[in-house]
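A note on names: the letters A, B, ... follow the listed sequences, proteins ahead of strands, and every chain is numbered from 1.
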There are 2 protein chains.
Amino acid sequence: MVVTPQLLKTFPLLSGLPDATLDDVAAQSSVRKAARRAIVLNAGQNEEQICFLFEGRLQGVDFTIDGREVGLYFVEPGEFCGELCLFDGGSQPEFVMALTPSVIVSIPLNTMHELLKKHPELFATVSAKVAGHVRKMTFQRSLLGLPNIAQRVCCQLWMLVPEKDKEKEEAHIRNPPTHMEIAIMLNISRETVTRVFQSLQNRQIVKRDGTSLLVVTQVSVLRDYAEGKQEL
Amino acid sequence: MVVTPQLLKTFPLLSGLPDATLDDVAAQSSVRKAARRAIVLNAGQNEEQICFLFEGRLQGVDFTIDGREVGLYFVEPGEFCGELCLFDGGSQPEFVMALTPSVIVSIPLNTMHELLKKHPELFATVSAKVAGHVRKMTFQRSLLGLPNIAQRVCCQLWMLVPEKDKEKEEAHIRNPPTHMEIAIMLNISRETVTRVFQSLQNRQIVKRDGTSLLVVTQVSVLRDYAEGKQEL
DNA sequence: CGTCCTGTGTGACTGCAATCACCCCGCGTC
DNA sequence: GACGCGGGGTGATTGCAGTCACACAGGACG
């Protein structure tokens, strides 16, 4: 499929670029669709492309030596991934997999390099993204250190509460991860996640509204659990 | 204490810089000593300095919400830390603590920024270091996903085997982390680490030589354990 | 309509690592 | 020498989360 400059403009990182530049980049880029659970980027390979997510949802995942899946982060529409090789030309550290059918725009590594050279202001954005990634991973790592499993789940849930809702008493989490996805991120079993959720629902702290919406009815209580001020 | 250009030259990152530049940087930098378990960089603060380790050993550590310590990485002499704020001006994500009495050279963030602007080749090195950090964290995260604890310990041990010894049958690990430090990195208890080590020693796969040297006598067997090809 | 698949809910069982309690040893230092 | 302290070693106990097995609901799809 053909990449139009208009398509590229939908991505915050690129939206400020002059039309001529976008024409140029568009000509060298490509679009593709990825089915559910399709691999978008392979770990351990020099992927030579930066992926921009137009539609769908991706997850960075790794696998342990014994084949277990390890969830690392999500990629939402408008965001990009695979940028690490811009920094050292090394290989992609983790797999990126489509959680839902997705549409992905790929810009070749070289094109991206040229672009960053010409527009250093983009470089700052990409750097900040990597820095943010490090911060997130550090936080996630500290989550895994929690001995209390329920607390771990609550922390992750708290992370998913939109910033704007954190002070309110009710929060909406759209398209929440499945229990399995949460389990993989937190290094616990799917059943355990389900049990924690049951417990939260019984106490009317969260409730589900269809498959694509999770309502946190008592945000402050959730925070207390997350911070260990209360035990579940 | 006064920082001399000669001192700065001992750091690989800075060794190629012209003397005039080093004079300049030295004038704005400072040296300090850190006692064992002293905090070198504080998490959550805008530290505004890049720390170069001249002597000793540092560890990046985080704390879970409930106060548990989480070990992240080590800093060896000649290396630096605290560079993440160069990328986004954000705060330091984790604590950096001295494992042994250490000597640290601090270069202010602004000075460092100027330096990188004037010498983009340094920027590549710093970028590569951050990228490498991300890779390491990703790997460490996948370690934590291992359900078999003994395997986790063996993997960590395998990581500590110097690159040059990985193909040999005997490897030397200088200044190995204490059981406690390993336990913290792997999110398991100190006793469990001890028991795994006992098991490895009984099978004559590793042996200790004083406090500051650990000898891996059967490197290939250790690798098999690490890769899950054999069970301990 | 039936079928398939994914996601969720739940009970029973069990194994394994955390915890606790205590030991020893070596080292620095008062 | 006595002492404290950090580091390592070990047994007994226990609780908790993983695992297994199965049930059920809802959506997609022919």
Side-chain angles (χ1 to χ4, degrees), chain A residues 35-38 57 59 64 66-71 97-101 143-154 157 173 175-202 206-214 231-232, chain B residues 35-38 57 59 64 66-71 97-101 144-154 157 175-202 206-214 231-232:
Chain A
R36 210 186 107 76
R37 293 197 69 83
R57 194 169 202 217
Q59 185 178 29
T64 59
D66 67 334
R68 266 185 179 224
E69 203 175 338
V70 169
M97 177 193 281
L99 290 179
T100 63
L143 265 197
L144 293 178
L146 286 173
N148 184 325
I149 299 301
Q151 193 184 355
R152 224 187 276 178
V153 177
C154 291
L157 214 45
I173 300 174
N175 299 315
T178 64
H179 292 182
M180 192 61 201
E181 283 160 13
I182 295 178
I184 286 169
M185 298 199 77
L186 297 180
N187 211 15
I188 56 185
S189 72
R190 201 266 312 161
E191 291 89 332
T192 302
V193 175
T194 300
R195 286 188 238 271
V196 173
F197 264 76
Q198 277 311 103
S199 186
L200 287 172
Q201 277 166 17
N202 288 340
V206 306
K207 65 166 187 257
R208 337 199 35 184
D209 189 350
T211 53
S212 60
L213 185 63
L214 186 72
E231 293 264 324
L232 199 59
Chain B
R36 210 185 106 75
R37 293 198 69 81
R57 193 168 202 220
Q59 186 178 28
T64 59
D66 67 332
R68 262 179 181 233
E69 204 175 334
V70 170
M97 179 192 280
L99 288 179
T100 63
L144 293 178
L146 285 173
N148 184 325
I149 298 300
Q151 194 184 354
R152 223 187 277 179
V153 177
C154 291
L157 215 45
N175 298 314
T178 64
H179 292 184
M180 193 59 202
E181 282 160 14
I182 294 177
I184 287 170
M185 298 198 77
L186 298 180
N187 211 15
I188 55 184
S189 72
R190 199 265 313 160
E191 290 89 333
T192 303
V193 176
T194 300
R195 286 187 240 268
V196 173
F197 265 77
Q198 277 312 103
S199 186
L200 287 172
Q201 278 167 17
N202 288 340
V206 305
K207 66 167 187 252
R208 336 198 35 188
D209 187 353
T211 53
S212 60
L213 184 63
L214 186 72
E231 292 263 325
L232 199 61

> How many Å lie between CE on A:Met180 and P on C:dG9, as a whole number?
Replying inline: 15 Å
> Rounded to whole angstrom units, what separation is found between the CG atom of B:Leu186 and the P atom of C:dA17?
Replying inline: 13 Å
> Between A:Thr211 and B:Glu181, which is nearer to the 5' end of DNA chain D once each is assigned its nearest nucleotide?
Replying inline: B:Glu181
>> Using a heavy-atom cut-off of 4.0 Å across all strands, would you classify A:Arg208 as base, sugar-phosphate, or nothing?
In response: sugar-phosphate
> Under 4.0 angstrom, heavy atoms only, what part of the nucleic acid is A:Arg152 near: base, sugar-phosphate, or nothing?
Replying inline: nothing
> Just how far, in rounded Å, is P of D:dG15 from CG of A:Asn148?
Replying inline: 16 Å
> What's the CD1-C1' distance between A:Ile184 and D:dG18, to the nearest Å?
Replying inline: 15 Å
>> Side chains of B:Ser199 and B:Arg195: any donor to acceptor distance under 3.5 Å?
In response: no
> Just wondering, do B:Ile188 and B:Val153 contact through their side chains at under 4.5 Å, heavy atoms?
Replying inline: yes
>> How many whole angstroms separate atom CD of B:Gln151 from atom C1' of C:dA17?
In response: 16 Å
> Is there a donor-acceptor pair under 3.5 Å between the side chain of B:Asn187 and the backbone N or O of A:Leu144?
Replying inline: yes
> Using a cut-off of 4.0 Å on non-hydrogen atoms, how would the nucleic acid contact of A:Arg36 be classed: base, sugar-phosphate, or nothing?
Replying inline: sugar-phosphate
> Within this structure, what is the CG-to-C1' distance between A:Leu99 and C:dT6, rounded to whole angstrom?
Replying inline: 14 Å
> Any idea which of C:dT6, D:dA17, D:dG18 is nearest the A:Ile149 side chain?
Replying inline: D:dA17
> To the side chain of A:His179, which of C:dA18, C:dG9, C:dT6 is closest?
Replying inline: C:dG9
> Can you name the residues that form a side-chain hydrogen bond (donor to acceptor under 3.5 Å, both in side chains) with B:Arg208, not counting sequence neighbours?
Replying inline: none
> Under 3.5 Å, is there a donor-acceptor pair between the side chain of B:Arg68 and the main chain of A:Pro147?
Replying inline: no
> Could you state the CD1-P distance from B:Ile182 to C:dA17, rounded to the nearest angstrom?
Replying inline: 16 Å
>> One pair to check against side-chain contact (heavy atoms from CB on, under 4.5 Å): A:Leu157 and A:Val206. What are the steps and the verdict?
In response: CA-CA 10 Å; A:Leu157 214 45; A:Val206 306; 4.2 Å; yes
> Which parts of residues 189-198 of chain B get close to DNA chain C, meaning a heavy atom less than 4.0 angstrom away?
Replying inline: B:Ser189, B:Glu191, B:Thr192, B:Arg195
> Counting only N and O atoms by type, is there a donor-acceptor contact under 3.5 Å from the side chain of B:Arg57 to the main-chain atoms of B:Leu99?
Replying inline: no
> Atom CG of A:Asn187 and atom P of D:dC16: how far apart are they, to the nearest Å?
Replying inline: 19 Å
